[in-house]
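The next block holds one structure in the form of structure tokens; read it before the comments.
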Amino acid sequence: MHGTPCPTSEPMSPSIVFVFPGQSSVSAPAIQRALASHPAASVVAELARDVLGDARAAAYLDPGGARLHSNRDVQITVFLATQMYLAGLRAEGITAAASLGLSLGEYSHVVDIEALDVDEALRLVDERGRCYDAAPAGIMATVLAVDRDTVAAAVEGAQAHGTVVISNINAPTQHVVAGEEAAVARAIEVLEDEHAAHTTIIEKRVPMHSPLMAPVAAAFGPALESARWKPATKMYLPNVTAAPVAQPTAADFVAHLTRHVGETVLWQQSVNEVVARHPRAAFVEVGPGGVLHNMIGRAWKKVPSQRVDAPDGGDPRRHFAATVEALGARA
């Protein structure tokens, strides 16, 4: 039996909302910065050694290790760094009324709502990355400065050249397209030449959140089905529906996360849903970089947001401490 949708009314109280980034937030020093942010991060490092084994974990944890040779490496790196920051926040007594995660970030969201333990989620992310590395060839590109209808029209016109879809609806004028290289290239050519869009290739191998990922979803499904799911303590907000589920079952997680591999990420709708439920929400990007913090600042100008990872050149521990102090005052 599947979980029930959340009711739509919640009290008008200040609400911290955690947002967890996807794999585009990866950087070589991501884990080292997270480790330096708070002593509690070392607990996640030890857990990584237990799950991955000392040799594999060292490739991510050791100074200078930062292995980013594969999609699997990227997913593990972003997930571990995110969990290190989350551990630090929890150690300081900072929790969220709600959370949501973009793409890979949905696995950290699932940890935050306590539907999976960190070690179990890491096993899933590891297997997810392994399956993604066997994905059919394809590319992904961000599209900025044009609206959804414009992107959709370009994508439809490019389908004569192969499979291409809008893989992410991130904000009113920020989207991602994914699919076969020729089709994506045609779509972005039209968007640039006819609509002055700004486009950037962000993934040169895996066409995530597109129909090309169907065999990957099938390969990854058994891992989701065998995972040790637990009752969630907060609402679950899947990327593929943007519809909160108050009491998700194991079947809900398996179904949504299987679809998640090859279907569109409805990030804009998800943020709007949370803002509607928490009118006084303050978003906190928990993870490496500041992609979501910056996006929220541009597209949801009245919604306060901040990041736990220090800006480039900043001191990770000092920035994290300042963030905790600010969040404590808000709570």
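Worth knowing before you read on, the calculation uses all heavy atoms, side chains too, and leaves out hydrogens, waters and symmetry mates.
At a cut-off of 3.5 Å, with distance as the only test, no side-chain donor of Thr150 or His195 sits close to an acceptor on the other residue. In this model, no donor atom of one side chain and acceptor atom of the other lie less than 3.5 Å apart for His209 and Thr264. Inspection of the Gln83 and Ser108 side chains reveals an N or O donor paired with an N or O acceptor under 3.5 Å.
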(Q) Apply salt bridge (charged side-chain N to carboxylate O under 4.0 Å, His left out) to residues Asp117 and Arg228 and explain how you reach the verdict. (A) CA-CA 8 Å; Asp117 292 331; Arg228 295 173 293 185; over 6 Å; no
What verdict does the side chain to side chain contact (heavy atoms under 4.5 Å, CB included) test give for Leu89 and Phe320, after you've listed the backbone C-alpha separation in whole Å, the side-chain angles of each residue and the deciding distance to 0.1 Å? CA-CA 9 Å; Leu89 291 172; Phe320 189 87; 3.8 Å; yes
Quiz item: Yes or no on side chain to side chain contact (heavy atoms under 4.5 Å, CB included) for Gln268 and Gln174, after CA distance, side-chain angles and deciding distance?
Solution: CA-CA 9 Å; Gln268 179 185 340; Gln174 180 173 335; over 6 Å; no
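A side-chain contact (heavy atoms from CB on, under 4.5 Å) with Trp229 holds for exactly one of Asp252, Leu116, Thr249; it is Leu116.
Taken together through direct or relayed side-chain contacts under 4.5 Å among Ile, Leu, Val, Met, Phe, Trp and Tyr, Ile166 and Val261 form parts of separate hydrophobic clusters. In the hydrophobic clustering of this structure, Val118 does not group with Val43; members are Ile, Leu, Val, Met, Phe, Trp, Tyr whose side-chain heavy atoms approach within less than 4.5 Å, directly or through other members. In terms of hydrophobic clustering, with Ile, Leu, Val, Met, Phe, Trp and Tyr side chains grouped at heavy-atom distances under 4.5 Å, Val110 and Leu124 are assigned to a common cluster. Clustering ILVMFWY residues whenever any of their side-chain heavy atoms sit less than 4.5 angstrom apart, transitively, puts Leu144 in a cluster other than the one holding Met295. Val111 and Leu47 fall within a single hydrophobic cluster, where Ile, Leu, Val, Met, Phe, Trp and Tyr are joined by side-chain heavy atoms under 4.5 Å apart, directly or via other members.
Arg33 places no side-chain N or O within donor-acceptor distance of the main-chain N or O of Asp309, the cut-off being under 3.5 Å.
Residue Arg56 qualifies as enclosed at atom CZ: its count of foreign heavy atoms under 6.0 Å is above 12. Other residues, nucleotides and ligands contribute at most 12 non-hydrogen atoms within 6.0 Å of the NZ atom of Lys204. Atom CD of Glu192 has more than 12 heavy atoms from other residues, nucleotides or ligands within 6.0 Å. Counting heavy atoms of neighbouring residues, nucleotides and ligands inside a 6.0 Å radius, atom CZ of Arg318 does not exceed 12 of them. When the shell of 6.0 Å around CD of Glu156 is examined, it contains 12 or fewer heavy atoms from other residues, nucleotides or ligands.
Shown here are the salt bridge (charged side-chain N to carboxylate O under 4.0 Å, His left out) partners of Asp133, two or more places apart in sequence or in another chain: there are none.
Looking at Ser103 and Gln23, their side chains never come closer than 4.5 Å, going by heavy atoms from C-beta outward. Side-chain contact check for Asp119 versus Asp50: every heavy-atom pair is 4.5 Å or farther apart. Asn294 places none of its side-chain heavy atoms less than 4.5 Å from the side chain of Glu285. Using a 4.5 Å heavy-atom cutoff, the side chains of Thr258 and Leu224 are in contact. Within the 4.5 Å cutoff, no side-chain heavy atoms of Leu102 are placed close to those of Phe20. Contact annotation: the side chain of Thr82 approaches that of Pro21 to within less than 4.5 Å [non-hydrogen atoms, C-beta and beyond]. Counting heavy atoms from C-beta outward, Phe283 and Pro304 have side chains that stay 4.5 Å or more apart. For the pair Val125/Leu104, a side-chain contact is recorded, criterion being any heavy-atom separation below 4.5 Å from C-beta on.
Outside the 6.0 Å centre-distance limit, the rings of Phe79 and Tyr107 are not counted as a close aromatic pair. Aromatic rings of His109 and Phe18 (six-membered ring for Trp) have centroids beyond the 6.0 Å cut-off, not under it. Note: His38 and Tyr85 fail the aromatic proximity criterion, with ring centroids not under 6.0 Å apart.
The CD atom of Glu225 sits 12.0 Å away from atom CG of Leu257, with the distance rounded to the nearest 0.5 Å.
Under a 4.0 Å N-O distance rule, the pair Asp112/Lys234 qualifies as a salt bridge. Note on Glu127 versus Arg123: no salt bridge recorded, every NZ/NE/NH1/NH2 to OD/OE distance being 4.0 Å or above.
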